[in-house]
Chemist: 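Pasting a structure here, questions to come.
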Amino acid sequence: MTDELNPTAASGGDDDDRAAADALYRELLDRIGESNPQPRLEPTRRALELLGDPQNSAPVITIAGTNGKTSTSRMIESLLRASGLKPGLLTSPHLVRVNERIMIDGEPIDDAALVRGGDDIRPYLLMTDAELTANGEPPLTFFEALTVLAFACFADAPVDVIVLEVGMGGEWDSTNVADAQVAVFCPIDLDHQARLGNTIGEIARTKSGIIKPGASVVTAMQTIEALDEIRARAGQFEAEVAIEMQDFALESTTVAVGGQLLDIRGRAGRYEGVFLPLYGDHQAQNAIVAVAAVETFLGAGTRPLDGDVLAEGLGQATSPGRLQLVGIEPTVLVDAAHNPHGARALASALQEYFDFDELALVVGILADKDAHGILAELAPVAARFVVTRSSSERAIAADELDETVAELGVPHTVVDDVEDALREARGWAAESPRRAVVVAGSITLVGDVIALADAEDWKQQ
């Protein structure tokens, strides 16, 4: 969840550590929020310089794109770990607790280490704030400070490789203070237009800023406009570009119990019958991009991955909040789809990988998102919508969102409180064994529901 402290989920450590970690998060939240990123790198770079440049403590893989960044990042991290490396992973936003964003060797950073990192960086953040303020600039933002914290924690661990999910865009995102050895691109589509540009080409130009001298590039299938921008940026630095369907590809996917079986043509090898415990063709695509990225990082795209490494790395991959089962009897699935492209992938996966007769879609969307586009993609799979509002200050009021839902001709109700909305949807689904509930529309709503499901133990009902 991005806007409020939610202390629900455990991350290790005692009560004192938990209280100190909560206090650190509140301290970070007092800064400019993630919804208002500053298009700049120098303040983050300055704070890190004062710290001794921990972003240079290990080689880096950076992942940009519109959809699939978190899942692809987590698969890359899992494959690296299966290869015997100790990775650090920075993703955003978190679903329940901020520790989720900073992963070390496959686990969310524990409270004690998080607090230790916060204590280490605090003086340098304040020094940077003072310099910025003296020059008439805003102090470090939440995400800038969090990025500094992550690099400090990775250096302290220490980790063997850093995997960075770009927060927004690429060129001026604070993660871009690190020079990636491998720059990875998930599919690029329209999102955050007010910040990134009004066309896919403009957005791709901003995202391609993660390509640095000496980098290798791995990209999923893109529109011509996006691919042209990636190639142009790579050409400036004579960077090698590996492109899905040209240099690597998904040859086939078969539905399996608990996920799917993939046949993959990688950059350096062919891998048959690889189990991926995630649903949806989009996750299969994320997986092949991850495989190509790791082939590129470990062997410059010339050395196949060991079969056991691939089986373990993808077989143990998780992607919380992405078609995640959080309740049974009735089934409740949550998915972080928060733009039309993500909603389209969710609708397709629900039709292909599940066999429910009717679905209740519990939806809540943030004000800066394309609500009509998201809902229009979900409408074909919805027997009914339950319209609600997440805990985010940026969430569209339920009554206002319902006006958009009403245009789609799907039965709908408005329940402003998330807990009440889930109670209504689960009650409806419980009336038939072939009904289920799907929660989507914003990451914050998904985080709210995961916390609620954990607190009420929906998997034991």
Side-chain angles (χ1 to χ4, degrees), residues 2 23-64 88-93 98 101-102 104 109 113-159 161-181 183 192 195-196 205-215 233 236-237:
T2 56
L24 172 61
Y25 184 43
R26 285 192 292 269
E27 183 182 328
L28 293 173
L29 284 177
D30 286 339
R31 296 179 173 274
I32 299 170
E34 288 179 281
S35 60
N36 293 294
Q38 300 296 304
R40 62 188 189 180
L41 288 180
E42 285 309 314
T44 308
R45 191 172 281 133
R46 173 59 174 157
L48 289 167
E49 179 186 32
L50 293 170
L51 273 163
D53 290 319
Q55 76 277 17
N56 299 329
S57 63
V60 173
I61 301 173
T62 299
I63 300 91
L89 171 65
L90 174 64
T91 60
S92 62
V98 72
R101 299 191 186 214
I102 302 173
I104 295 177
I109 189 168
L114 187 69
V115 172
R116 186 166 59 247
D119 290 342
D120 288 344
I121 71 170
R122 187 175 292 107
Y124 305 103
L125 296 186
L126 294 175
M127 290 170 63
T128 306
D129 288 341
E131 292 175 2
L132 289 167
T133 302
N135 290 324
E137 295 184 53
L140 289 164
T141 67
F142 172 93
F143 192 71
E144 287 170 335
L146 183 76
T147 302
V148 173
L149 175 61
F151 284 128
C153 292
F154 293 151
D156 184 61
V159 300
V161 54
I162 298 170
V163 182
L164 297 175
E165 176 191 349
V166 171
M168 184 185 294
E171 180 180 14
W172 45 260
D173 186 81
S174 59
T175 58
N176 204 33
V177 295
D179 294 335
Q181 280 68 39
H192 299 296
R195 297 277 179 178
L196 305 180
R205 191 174 310 134
T206 300
K207 292 181 184 292
S208 68
I210 67 169
I211 302 173
K212 305 288 184 63
R233 174 77 178 190
Q236 294 178 24
F237 303 118

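Below, each value reflects all heavy atoms present in this structure, side chains not excepted, and no hydrogens, waters or symmetry copies. Just so we're clear, the structure is a prediction, and the values are computed from it rather than from any experiment.
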Chemist: Using 0.5 Å steps for rounding, measure from the OG1 atom of Thr133 to the CG atom of Asn135.
Modeler: 9.0 Å
Chemist: State the CG-CZ distance between Asp156 and Arg116, to the nearest 0.5 angstrom.
Modeler: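 Those atoms lie 5.0 Å apart.
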Chemist: Take Leu90 and Phe154 through the test side chain to side chain contact (heavy atoms under 4.5 Å, CB included) and record every step on the way to the result.
Modeler: CA-CA 10 Å; Leu90 174 64; Phe154 293 151; 4.3 Å; yes
Chemist: Hey, is the main chain of Gly209 close enough, under 3.5 Å, to the side chain of Asn176 for a donor-acceptor pair?
Modeler: yes
Chemist: If you take all heavy atoms of Ala180 and Ala215, which pair is closest and at what distance?
Modeler: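 Looking at all heavy atoms of both residues, the shortest contact is O-CB, 3.4 Å.
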Chemist: Enter the distance from Leu48:CG to Phe151:CZ here, rounded to the nearest 0.5 Å.
Modeler: 6.5 Å
Chemist: Where the side chain of Asp173 meets the backbone of Gly167, is there a donor-acceptor pair that is under 3.5 Å apart?
Modeler: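 Yes, Asp173 side chain to Gly167 backbone: donor-acceptor pair under 3.5 Å.
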Chemist: With distance as the sole test, does Arg45 use its side chain to make a donor-acceptor pair with the main-chain N or O of Val177 at under 3.5 Å?
Modeler: no
Chemist: So which heavy atom on Ser57 is nearest to which on Ile162, and how close?
Modeler: OG-CD1, 4.3 Å
Chemist: List the steps, then state whether side chain to side chain contact (heavy atoms under 4.5 Å, CB included) holds for Phe143 with Thr175.
Modeler: CA-CA 9 Å; Phe143 192 71; Thr175 58; 4.1 Å; yes
Chemist: Check step by step if side chain to side chain contact (heavy atoms under 4.5 Å, CB included) holds for Thr62 and Val166.
Modeler: CA-CA 7 Å; Thr62 299; Val166 171; 3.5 Å; yes
Chemist: What is the minimum heavy-atom distance between Pro43 and Thr128, and which atoms define it?
Modeler: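 Scanning both residues completely, I find the closest heavy atoms to be O-CG2, 3.6 Å.
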Chemist: So, using side-chain hydrogen bond (donor to acceptor under 3.5 Å, both in side chains) as the criterion, who are the partners of Arg122 when residues are at least two apart?
Modeler: Glu27, Asp119
Chemist: Would Thr147 and Ser174 count as having a side-chain donor-acceptor pair, cut-off 3.5 Å?
Modeler: yes
Chemist: Of the non-hydrogen atoms in Asp179 and Val60, which two are nearest, and what is the gap between them?
Modeler: O-CB, 4.0 Å
Chemist: Ignoring hydrogens and geometry, is there a side-chain-to-backbone donor-acceptor pair from Ser208 to Arg205 under 3.5 Å?
Modeler: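 Pair found, side chain donor or acceptor close to backbone of Arg205.
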Chemist: Give a yes or no answer on whether the side chain of Glu165 reaches the backbone of Ser92 with a donor-acceptor pair at less than 3.5 Å.
Modeler: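 Such a contact is found between Glu165 side chain and Ser92 backbone.
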Chemist: For the CG atom of Leu50 and the CG atom of Leu126, what is their distance to the nearest 0.5 Å?
Modeler: 11.5 Å
Chemist: Between Thr141, Leu132, Leu140, which is the residue that forms a side-chain contact (heavy atoms from CB on, under 4.5 Å) with Gln38?
Modeler: Thr141
Chemist: With side chain to side chain contact (heavy atoms under 4.5 Å, CB included) as the criterion, how do Glu137 and Arg40 come out once you've worked through the C-alpha distance, each side chain's angles and the decisive distance to 0.1 Å?
Modeler: CA-CA 11 Å; Glu137 295 184 53; Arg40 62 188 189 180; 3.7 Å; yes
Chemist: Can you see which heavy atom on Ala47 is nearest to which on Leu125, and at what distance?
Modeler: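 Closest pair (atom of Ala47, atom of Leu125, distance): CB-CD2, 4.4 Å.
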Chemist: Tell me, do Thr206 and Trp172 make a side-chain contact under 4.5 Å, heavy atoms counted?
Modeler: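 In contact.
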Chemist: Apply salt bridge (charged side-chain N to carboxylate O under 4.0 Å, His left out) to Arg46 and list each qualifying residue two or more places apart in sequence or on a separate chain.
Modeler: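 Arg46 satisfies salt bridge (charged side-chain N to carboxylate O under 4.0 Å, His left out) with Glu49, Glu131 once adjacent residues are dropped.
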Chemist: Measuring only between side-chain heavy atoms, which start at C-beta, is Val148 closer than 4.5 Å to Thr44?
Modeler: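 Yes - at least one pair of side-chain heavy atoms lies under 4.5 Å apart.
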Chemist: Can you tell me how far apart CD1 (Ile211) and CZ (Arg233) are? Round to the nearest 0.5 Å.
Modeler: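 That separation rounds to 6.5 Å.
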Chemist: I want to check something: taking the side chain as every heavy atom from C-beta on, are Leu149 and Leu114 in contact at a cut-off of under 4.5 Å?
Modeler: yes
Chemist: At their closest point, which heavy atom of Gly170 faces which heavy atom of Ile210, and how far apart are they?
Modeler: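 The pair with the smallest heavy-atom distance is CA-CG2, 3.9 Å.
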Chemist: With heavy-atom distances below 4.5 Å as the criterion, would you say the side chains of Leu146 and Val98 are in contact?
Modeler: yes
Chemist: Please name all residues satisfying side-chain hydrogen bond (donor to acceptor under 3.5 Å, both in side chains) with Arg31, sequence neighbours left out, ordered by chain then number.
Modeler: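 With sequence neighbours excluded, Arg31 shows a side-chain hydrogen bond (donor to acceptor under 3.5 Å, both in side chains) to Asp129, given in chain and number order.
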